[in-house]
Every structure is written in structure tokens, then in C-alpha cells.
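Scroll down for the structure; my scribbles are underneath it.
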Amino acid sequence: MERTYIKDLKAQAGQEVVIKGWVDIRRDQGKLIFLDFRDMTGKVQGVILPNAKEAHDVGAILRPEWVVEVKGKVNPRPPKNVQAEKMNGDIELEILSMKVLSKAQELPFELGTDINIDTYLDYLPLTLRAEKQRAIFKVQTVIITAFREFLTKEGFTEFQAPKLIGEDAEGGANSFNIEYFGHTAHLAQSPQLYKQIMVGVFERVFAAGNVYRAEKHSTTRHLNEYTSLDIEMGFIKDHTDVMNMETKFLDHIMKELAAKCSAEFKLLKSEIPVVPEKIPSMKLREAQKIIQKEYGEDCSKEPDLEPQHERWLCEYSKKTWNSDFIFITHFPISKRPFYTYEDEDDLGYAKGGDLLFRGVEITTLAQRIHDYDKLVASMISKKLDPEKFSYYLQAFKFGMPPHGGLGLGLERLTAKLLNLENVKEATLFPRDINRIDSLLSSNKPKQDL
RNA sequence: GCGGAAGUAGCUCAACUGGUUAGAGCACUCGCCUGUCACGUGAGAGGUUGCGGGUUCAAGUCCCGUCUUCCGCGCCA
């Protein structure tokens with residue numbers, strides 16, 4: 001008999017069907033045993049009636065996470081037992097027979113109960129199965145898909161940026177070194193240089209891939225491996241074209257989430273933000289004045305925003321313009337990377353900035369220098385050796401349009417969208433300073449093998 | 001790297017100013033239960049209180065060292 005997915009059971013009322021999945025919960029009442037089953041499409045309650053002897057024998061030994069094949073009859077529930085708010089709350093599967101496809105050991109904890117984050121991370125192959133985690137990563141998939149859809153429609157071409165980088169790594173201090181056939185190579189900190197090269201090829205490009213930062217930070221918003229959603233576009237007027245493009249793709253993402261993930265947002269008790277037609281935007285110096293006026297802290301001499309400042313500005317933006325988003329532009333050019341374009345009308349400051357969302361920075365964007373001589377001069381002023389970037393510089397030697405782009409931290413966006421306390425909860429298998437799965441964790445729990 | 005907090009049963013947590021045999025809920029084992037849906041219910045098993053040293057008649061509790069984790073900061077997305 002062919003497998004029926006749990007979401008389709010209702011249409012099979014009165015019929016005998018076979019479902020396959022996991023045991024979610026067992027409620028054993030002796031003569032009556034209730035079992036909730038889960039497959040990729042949903043959940044359903046099964047009931048073993050007293051006369052189903054063989055099914056009863058199997059049902060009595062089943063435990064959570066056992067994998068089973070169940071033959072049963074789809075029945076409407078007795079009216080007083082209907083649970084209208086639940087999926088399949090008006091039907092149940094009368095279990096006729098069951099086959100155990102795989103047993104599960106005793107669980108270290110009940111799925112879905114509160115556990116500490118280190119326990120959560122120690123047991124990811126199990127904890128990721130919980131309803132909350134599946135909701136988080138479904139939302140994340142919808143974000144990526146919507147990002148792809150929108151940009152493709154806008155004429156962007158997706159490309160795969162290399163993760164193995166030679167000498168021309170942007171920074172150096174915070175890149176991972178790897179042994180590469182007798183040389184030292186690096187893991188990519190960003191697809192930046194490649195996406196600029198690709199502007200020379202396709203004008204508009206994007207990439208969604210992992211990047212690596214060898215930074216010894218330990219916060220709820222940092223990862224050593226994260227997913228960067230990157231775009232780069234040619235023939236722009238200035239950085240505001242990039243800001244407008246980001247506004248539009250964020251709007252599309254939020255609309256897709258509203259259409260496809262309302263149940264997930266409800267489960268995670270979070271609201272889908274509205275993207276204003278024009279996201280509030282101000283220069284760093286204006287933002288610093290607001291901080292002084294509203295919050296009484298003088299940070300006007302600082303070249304950057306501190307995490308507390310970012311939280312304040314988001315609070316202010318929400319209060320003043322009812323926006324969860326705010327752009328802060330024109331950071332000192334001296335603090336930005338060598339390829340950043342200086343504003344001719346505001347010398348010393350960058351044509352670009354950050355996008356803040358619900359208290360954290362999720363994007364850095366800018367117009368880039370497209371003139372070969374200016375770019376080389378900028379490298380030299382930053383004490384970088386143009387020789388090491390000769391490969392990248394070819395793109396500029398051979399003609400590049402004015403262009404700009406952005407990078408968006410997928411896990412930060414996901415975490416803030418869903419009110420998650422730690423960005424690690426928005427990462428399937430987070431890498432941090434003391435964890436690659438369990439490999440770096442010296443006091444991990446002893447596990448039965 | 002710096003600062004703060006914490007480490008007690010498989011998990012989540014209690015245990016007062018040091019004082020009987022370190023407790024509870026969930027999970028687990030063995031029963032009872034024909035409408036549960038976090039089922040209920042009776043009993044049971046489960047501990048080197050992270051590790052090492054010290055003070056004390058007595059240490060989960062106080063002191064020193066050490067390891068680990070979480071949170072904050074710098075840096076960043």
C-alpha cells in the first residue's frame with residue numbers, strides 16, 4: 001500500500017492508509033494507547049483500540065522518536081474529543097498494525113522543553129527536530145528563496161564565490177589560515193572582491209554562501225562561520241541605489257514570509273515587520289546628535305556605533321517613524337575598507353553605511369571605487385600591497401562601471417525576525433570559538449555508542 | 001583578549017547565616033487506568049555536588065588554584 005502523507009489524511013476519511021514517520025508522544029492508558037505521529041508534512045493522533053492485539057503489543061513498547069510504518073483507518077473523532085485548533089484535530093488514525101523501522105535510545109530530554117543553549121548545541125541532531133527549530137529553519141529557507149526570486153527578477157545573476165582565497169584576503173588578522181599544498185591560503189571572509197569582479201561580467205550579481213571570520217568574540221550575535229547574502233550592482237548613481245534595492249528585496253522577503261510562514265511566526269511569538277516605502281536614513285553624525293539628545297551620551301568623537309548605540313537608534317526609529325529598520329550612512333572613510341567610495345560632497349566620509357534592524361547591524365553597504373588609479377591609491381594609503389591584489393585589479397584595468405553592493409547576515413536577520421536570543425539558534429550547526437559540533441568541546445557529555 | 005555570572009540526578013532547577021541519609025518536576029523501570037492530547041495514578045531506581053587542595057567537630061555552602069560554559073565588551077554581518 002502506498003504511503004499517505006499526514007497532511008493528506010483528512011481527504012482519506014473512512015479509508016485504510018499507511019503512514020510513515022516518527023513517534024512524537026505516547027500516551028498509554030492501558031487498554032487504550034494514544035500515539036502522536038510526525039512526518040515532514042505534519043502531525044496526527046493515532047489510537048490503538050483494545051481489540052487490536054498485535055498493534056497493542058507494539059504500541060506498548062514504542063517511545064518518542066522511534067520510526068514506524070503504521071497501517072490504520074482514518075476516522076472522524078468523537079465530537080467531544082475534537083481539538084479544533086490542532087492540525088488534524090478533527091480526525092484520528094485507528095491503528096490496525098505497526099512496523100518498527102528504527103528504534104531510538106532513551107532521549108536525554110523531552111523534545112520541545114526548555115534546555116540551556118550548551119545542552120541544545122551538544123545534541124543538535126536531536127534538538128533540531130523540535131517544532132520550534134523546524135519553524136526557525138523553514139523561515140530561513142523562505143528568506144533565502146525570496147531573496148533569490150526577487151533579485152533574479154531584477155536581472156541579477158547568482159554566482160558561487162570561492163571560499164579558498166590566496167594572498168589577497170581583505171584583512172588578514174582575522175582570517176583563518178589553511179595549509180594549501182605547501183602554501184598558506186585563507187578561508188573567505190567575504191565574497192567582496194569576487195562580486196566586484198563579477199559586476200564586470202554580469203553587471204548585477206548576487207551570492208548566498210558561507211564566510212569565515214577568525215574573530216575571538218563570544219556574543220549572542222557573532223559566529224565564526226555565517227551565511228552572507230551578497231549583492232553587487234553596476235551603473236548606480238550612488239549608494240542610495242543600493243539602499244533602495246535592499247528596501248525592495250526586504251519588502252519582498254517580508255511579504256513572502258507573511259504569505260508562507262504565519263504559523264511559524266505565531267509559534268515563535270514574533271511579528272513580521274513592515275518595510276516602509278522609504279527606510280529612515282541619517283548620517284552617523286546626525287545619529288550621534290540624536291543619541292546625545294535622547295539618551296544623554298556624547299559619542300560624537302567616535303568613528304563608529306557601539307552595540308548600545310545601535311539598540312538606541314532602533315528604538316528611536318521605531319518610536320519616531322514606526323520603522324524596525326534604519327540606515328546609518330557616512331562613516332569616516334578612514335574606518336572603511338579600501339574599496340569604499342568617498343563622498344565628494346562630504347569629504348572624509350563614505351558613500352555607504354549600515355542597516356540596523358531591531359537593535360543590531362544586519363548589513364553594510366556602499367558605493368565602491370571603480371577607477372583603477374584611485375583604487376590603487378586607496379590601497380597604498382591603507383598600507384596594502386597592490387601587487388597582492390593584482391588579480392582583482394585586472395577587473396578595474398579593463399573597465400568597470402560605477403557600482404556598489406551590500407552584504408547581509410542571514411542568521412542575524414533570522415534571529416531578529418524571530419526574537420531569538422542567540423544568533424546560534426538561527427544557525428543549524430554553529431561554529432564558535434569553542435565549538436565545531438562537539439570537536440572542540442572538552443567536557444562534552446559521554447554518550448552511548 | 002578583558003569584565004561579570006554560573007557549574008548539584010539524563011534534562012530543568014531547589015537546598016536559609018556551614019549542621020541528620022543532598023530534594024522536586026520531567027524522563028527511565030515495574031504496576032493500575034476505554035478518550036487521552038504536557039493524560040492521570042501507585043511504587044522504584046538514579047548523585048565522586050566540574051576537578052584538585054585548604055579551613056572546620058562538620059563543606060554543595062567558606063578560602064585558594066584549575067577546567068568548562070553562559071552573558072557583556074572590543075571587532076564585525
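Please read these numbers as outputs of a predicted model, since none were measured by experiment. Each chain gets a letter, A, B and so on, in the order its sequence line appears, and its residues count up from 1.
Within residues 215-225 of chain A, the residues that have a heavy atom under 4.0 Å from RNA chain B are, in order of number, A:Glu215, A:Lys216, A:His217, A:Ser218, A:Thr219, A:Thr220, A:Arg221, A:His222, A:Leu223. RNA chain B lies under 4.0 Å from at least one heavy atom of each of the following residues of residues 38-65 of chain A: A:Gln45, A:Leu49, A:Pro50, A:Arg63. Remark: A:Asp304, A:Glu306, A:Pro307, A:Arg311 in residues 294-313 of chain A come within less than 4.0 Å of RNA chain B through at least one heavy atom.
Evaluation of the side-chain hydrogen bond (donor to acceptor under 3.5 Å, both in side chains) test over residues 30-47 of chain A, restricted to residues two or more places apart or in two chains, returns A:Asp24-A:Arg38, A:Asp24-A:Lys43, A:Arg27-A:Asp36, A:Arg27-A:Gln45, A:Arg38-A:Glu65, A:Asp39-A:Thr41, A:Gln45-A:Glu92.
No hydrogens or angles were tested; on distance alone, a donor-acceptor pair under 3.5 Å links the side chain of A:Arg77 to the base of B:C37. Scanning atom types as modelled, no donor and acceptor separated by under 3.5 angstrom connect the side chain of A:Arg27 and the base of B:C33.
In this structure, A:Asp118 does not pair ionically with A:Arg435, as no charged nitrogen and carboxylate oxygen lie closer than 4.0 Å. Salt bridge A:Lys216/A:Asp432: absent, no basic N to carboxylate O contact under 4.0 Å.
The P atoms of B:G74 and B:A6 are separated by 24 Å, rounded to the nearest whole Å. Taking atom C1' in both B:G18 and B:G1, one finds a spacing of 37 Å when rounded to whole Å. To the nearest whole angstrom, the two C1' atoms, one in B:C30 and one in B:G46, are 15 Å apart. B:U61 and B:C39: their C1' atoms are spaced 40 Å apart (whole Å). To the nearest whole angstrom, the two P atoms, one in B:G7 and one in B:U34, are 45 Å apart. B:G47 and B:G10 have their C1' atoms separated by 12 Å, given to the nearest Å. For the P atoms, the distance from B:C51 to B:U8 is 10 Å, rounded to whole Å. When the P atom is used for both B:G65 and B:U21, the distance is 31 Å, rounded to whole Å.
Atom-to-atom, CZ of A:Arg26 to P of B:A38 comes out at 16 Å; the value is rounded to the nearest Å. Distance, A:Glu361 CD to B:G74 P: 12 Å, rounded to whole Å. Atom CD of A:Glu421 and atom C1' of B:C71 are 11 Å apart (whole Å). Rounded to an integer number of Å, the gap from A:Ile115 CD1 to B:A27 C1' is 13 Å. Rounded to a whole Å, the CG atom of A:Leu107 is 17 Å from the P atom of B:C26. Taking atom CG of residue A:Asp28 and atom P of nucleotide B:G35, one finds them 13 Å apart after rounding to whole Å. In this structure, the NZ atom of A:Lys424 is 19 Å from the P atom of B:A77, given to the nearest Å. If you measure from atom CD of A:Gln29 to atom C1' of B:C39, you get 6 Å, rounded to the nearest angstrom.
A:Tyr349 is not listed as a side-chain neighbour of A:Glu342, based on a closest heavy-atom distance of 4.5 Å or more. Annotation: side chain of A:Val17 is in contact with side chain of A:Val74 (closest heavy-atom distance under 4.5 Å). Looking at heavy atoms from C-beta onward, A:Leu124 lies out of side-chain contact with A:Gln133 at the 4.5 angstrom threshold.
Proximity of A:Lys86 to the phosphate of B:U36: no side-chain N or O atom is located under 4.0 Å from OP1 or OP2. Between B:A38 and A:Thr113, no contact under 4.0 Å exists linking OP1 or OP2 to a side-chain N or O. The phosphate of B:U12 has OP1 or OP2 within less than 4.0 Å of a side-chain N or O from A:Asn116.
Crowding of A:Lys318 atom NZ: a count of heavy atoms from other residues, nucleotides or ligands under 6.0 Å exceeding 12. In the displayed structure, A:Lys255 atom NZ is contacted under 6.0 Å by at most 12 heavy atoms of other residues, nucleotides or ligands.
Taking the centre of each ring, A:Phe150 and A:Phe156 stay at or above the 6.0 Å mark. The aromatic ring centres of A:Phe338 and A:Phe389 sit less than 6.0 Å apart.
Of the possible polar contacts, none joining the A:Trp22 side chain to the A:Trp66 backbone as a donor-acceptor pair under 3.5 Å is found.
For A:Arg213, there are no salt bridge (Lys or Arg N to Asp or Glu O under 4.0 Å) partners at least two apart in sequence or on another chain.
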Begin with the C-alpha distance, continue with both residues' side-chain angles, and end with the deciding distance and a verdict on side chain to side chain contact (heavy atoms under 4.5 Å, CB included) for A:Phe137 and A:Leu128. CA-CA 9 Å; A:Phe137 294 105; A:Leu128 287 173; 3.7 Å; yes

- Task: Could you please spell out the steps behind the side chain to side chain contact (heavy atoms under 4.5 Å, CB included) verdict for A:Leu35 and A:Ile25?
- Result: CA-CA 6 Å; A:Leu35 293 159; A:Ile25 292 178; over 6 Å; no

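Stacking of A:Arg148 on the aromatic ring of A:Phe249 is not recorded, the 6.0 Å distance cut-off and the 45° axial limit not both being met. A:Tyr341 does not carry A:Arg368 over the face of its six-membered ring by the limits of under 6.0 Å from the centre and within 45° of the normal.
In RNA chain B, consecutive stretches of 3 or more Watson-Crick or G-U wobble pairs with both distances under 3.5 Å are given as paired ranges: B:1-7 with B:67-73, B:10-13 with B:23-26, B:28-32 with B:40-44, B:50-54 with B:62-66.
At the heavy-atom level, A:Asn81 lies under 4.0 Å from base atoms of the strands shown. The residue A:Thr363 sits close only to the backbone: its heavy atoms come under 4.0 Å of sugar-phosphate atoms, none of a base.
In this structure, the aromatic ring of A:Phe109 is not positioned over the six-membered ring of the base of B:C11 within 5.5 Å between centres and 30° between planes.
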